[in-house]
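Just below is one structure, and these are the notes that go with it.
The analysis underlying the following values was restricted to heavy atoms, covering all of them including side chains, and did not include hydrogens, waters or symmetry mates.
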Amino acid sequence: MKNILLTSALALGAVATASAQQAIETPKFGDNWSLGIKGGVTTPMSHSAFFGGMRPVIGLDLSKKISPVFKVGAEGNFAINTSTEKGRGPRSKTAFDDSYVGAYGAVNLFNLFGGYPGSTRPFDMELQAGAGWGHRFETAIHDINYFGTKVGLNFNFNVSDYVTVSVSPSFLWDMTSSPVEQSTASYNKNRANFNLMAGVAYNFGGNGFEVVKPYNQAEIDELNGQINALRGSLDGSEAANARLKAQNDALAGELEKLRNQPPKVVKEVKNNLESVRYVFFKLGSSAIGADQQPNVEMIAAYLNNHPGSKVVIKGYASKDGPEDVNIRLANQRAQSVKDALMKRYKIPASRIVAEGNGIGEMFEEESWNRVAICILEAK
């Protein structure tokens with residue numbers, strides 16, 4: 001008994017140490033229950049041939065994992081009555097000649113020494129110890145009840161988080177010397193059985209343990225600082241966004257004002273009779289009419305007579321029609337005069353500047369504003 005208490009104390013100490021090294025999220029009461037069935041053989045350790053005294057045994061097992069390292073459970077094992085077949089005479093009138101019902105605790109050695117990996121291992125091993133009530137069915141004399149202790153190993157093959165197949169060798173001791181009047185508890189191979197069981201268990205809820213990282217206060221303070229910094233950055237971003245929105249609204253207002261303003265009209269104020277010539281155009285046209293060819297010829301003659309001179313051609317349109325069409329038409333009229341000077345009169349492009357100046361309002365007669373004003377510049 002002293003050895004049992006010492007072993008239990010060491011196991012509990014190891015469990016406490018392992019639990020301190022990892023933070024496991026506390027499962028609910030209904031998590032981590034397992035129900036299993038098992039079968040195998042049992043044989044006395046003395047007073048009988050090892051294999052000759054062997055008989056089949058079946059059992060049930062209900063357990064709950066308290067932590068990844070430690071679990072508790074209850075089991076019931078029932079040895080099949082084969083005494084008559086083995087020639088020893090009948091001992092029991094029932095199908096069973098021996099039974100054991102007890103409670104136990106088990107330590108997962110892999111999780112204890114290797115640490116819990118956060119998931120179920122494909123294979124692990126448990127050390128199991130327990131105590132309970134034993135009963136022998138007799139016919140010649142009365143039935144015998146005894147206090148038993150049991151120690152064994154469980155070799156677990158975890159097919160999945162939900163299904164476990166195990167092979168379990170164990171020893172069961174009758175701790176009394178019954179029917180002696182003054183019985184004493186002791187470990188004696190003459191009152192021990194060897195059991196070899198195989199079983200399958202279903203794990204309700206699967207693995208049921210989740211590893212969580214424990215944070216110290218310094219880490220928590222650092223994370224809080226980062227959160228506050230992000231909040232400050234967010235507040236600054238919102239303020240910057242508000243400023244940008246205000247600027248955008250102001251620009252939108254300015255754009256609306258410009259849209260509502262009348263088109264800009266350029267007036268030609270300089271009109272020197274010696275340096276300015278006019279080429280007029282018909283409504284909506286940029287083609288130079290036959291009546292305007294003499295004006296273009298005069299410009300070409302001047303440029304040929306004054307080799308160092310240049311001409312600046314400014315195209316205009318009247319206010320008739322859409323504004324964008326008139327702006328394009330003003331540019332085309334200036335370009336038409338330039339093309340005529342270059343192609344027909346061979347004036348170099350370097351001596352000609354042509355530009356569209358939009359809608360003109362130089363003349364009260366609206367049709368006169370459909371014009372290309374050619375300003376001659378002497379060297």
Charged tip of R333 within 45° of Y316 ring normal and under 6.0 Å: no
Side-chain (R351) to main-chain (V311) donor-acceptor, under 3.5 angstrom: no
Donor-acceptor contact below 3.5 Å, side chain E366 vs main chain K319: yes
Spacing of CG belonging to N224 relative to CD belonging to Q217, to within rounding of 0.5 Å: 8.0 Å
Over all atoms of both residues, closest heavy-atom pair of A354 and A334: CB-O, 3.7 Å
Minimal non-hydrogen separation, S168 against N154, with atom names: OG-OD1, 2.8 Å
Donor-acceptor side-chain pairing of D61 and Y104 below 3.5 angstrom: yes
Y100 and E75: CA distance, side-chain angles, deciding distance, side-chain contact (heavy atoms from CB on, under 4.5 Å) verdict: CA-CA 8 Å; Y100 170 79; E75 63 176 336; 3.9 Å; yes
ILVMFWY cluster, V165 and V57 together (side-chain gap under 4.5 Å): no
From D97 atom CG to N81 atom CG, the distance as rounded to the nearest 0.5 Å: 5.0 Å
Aromatic ring pairing Y302/H306, orientation class (parallel under 30°, perpendicular over 60°, tilted between): parallel
Parallel, tilted or perpendicular, as decided by the 30° and 60° cut-offs, for the rings of W133 and H135: tilted
D324 and R328 ion-paired at < 4.0 Å: no
Stepwise side-chain contact (heavy atoms from CB on, under 4.5 Å) check, I373 with M362: CA-CA 11 Å; I373 299 178; M362 291 74 67; 3.9 Å; yes
S237 side chain to S233 backbone, donor-acceptor under 3.5 Å: yes
Atom pair NZ/CD of K282 and Q292 - distance to nearest 0.5 Å: 10.0 Å
I37 atom CD1: more than 12 heavy-atom contacts under 6.0 Å: no
Ring centers of F155, F157 separated by less than 6.0 Å: no
Heavy atoms from other residues, nucleotides or ligands near CD of Q293 exceed 12 (cutoff 6.0 Å): yes
Distance-only donor-acceptor check, side chains N158 and N156, under 3.5 Å: no
Any side-chain donor near an acceptor of the partner, T176 and D174, under 3.5 Å: yes
Sub-6.0 Å ring centroid separation between F110 and F123: yes
T164 side chain to N203 side chain, donor-acceptor N/O pair below 3.5 angstrom: yes
Over-ring placement of K64 relative to F29, 6.0 Å and 45° cut-offs: yes
E256 backbone acceptor or donor facing N260 side chain under 3.5 Å: yes
Minimal non-hydrogen separation, Q332 against S286, with atom names: CB-CB, 3.8 Å
Output field: ring centroids W173/Y187 closer than 6.0 Å: yes
Worked check of side-chain contact (heavy atoms from CB on, under 4.5 Å) between Y202 and V200: CA-CA 7 Å; Y202 182 79; V200 59; over 6 Å; no
Under 3.5 Å donor-acceptor, E126 side chain and A106 backbone: no
Closest approach of V296 to A340 (non-hydrogen atoms, all atoms of both residues): CG1-CB, 4.2 Å
Flag side-chain contact, heavy atom, 4.5 Å: L376 against I299: yes
Polar side-chain atom of N369 near backbone of F363 as donor-acceptor pair, under 3.5 Å: yes
Donor + acceptor pair across side chains of Q335, N331 (<3.5 Å): no
Interatomic spacing from CG in N108 to CG in D124 - rounded to 0.5 Å: 4.5 Å
Chi angles and distances behind the side-chain contact (heavy atoms from CB on, under 4.5 Å) call for R55, V41: CA-CA 6 Å; R55 60 192 187 281; V41 293; over 6 Å; no
Distance-only side-chain donor-acceptor flag, E323 / N326, under 3.5 Å: no
Contact check, side chains of M342 and I352, non-hydrogen atoms, under 4.5 Å: yes
E364 atom CD, neighbour heavy-atom count above 12 within 6.0 Å: no
Heavy-atom closest contact (P68 atom, N111 atom, distance): O-ND2, 2.7 Å
same_hphob_cluster(L153, V69) at 4.5 Å side-chain heavy-atom cutoff: yes
Closest approach of G358 to A330 (non-hydrogen atoms, all atoms of both residues): O-CB, 3.5 Å
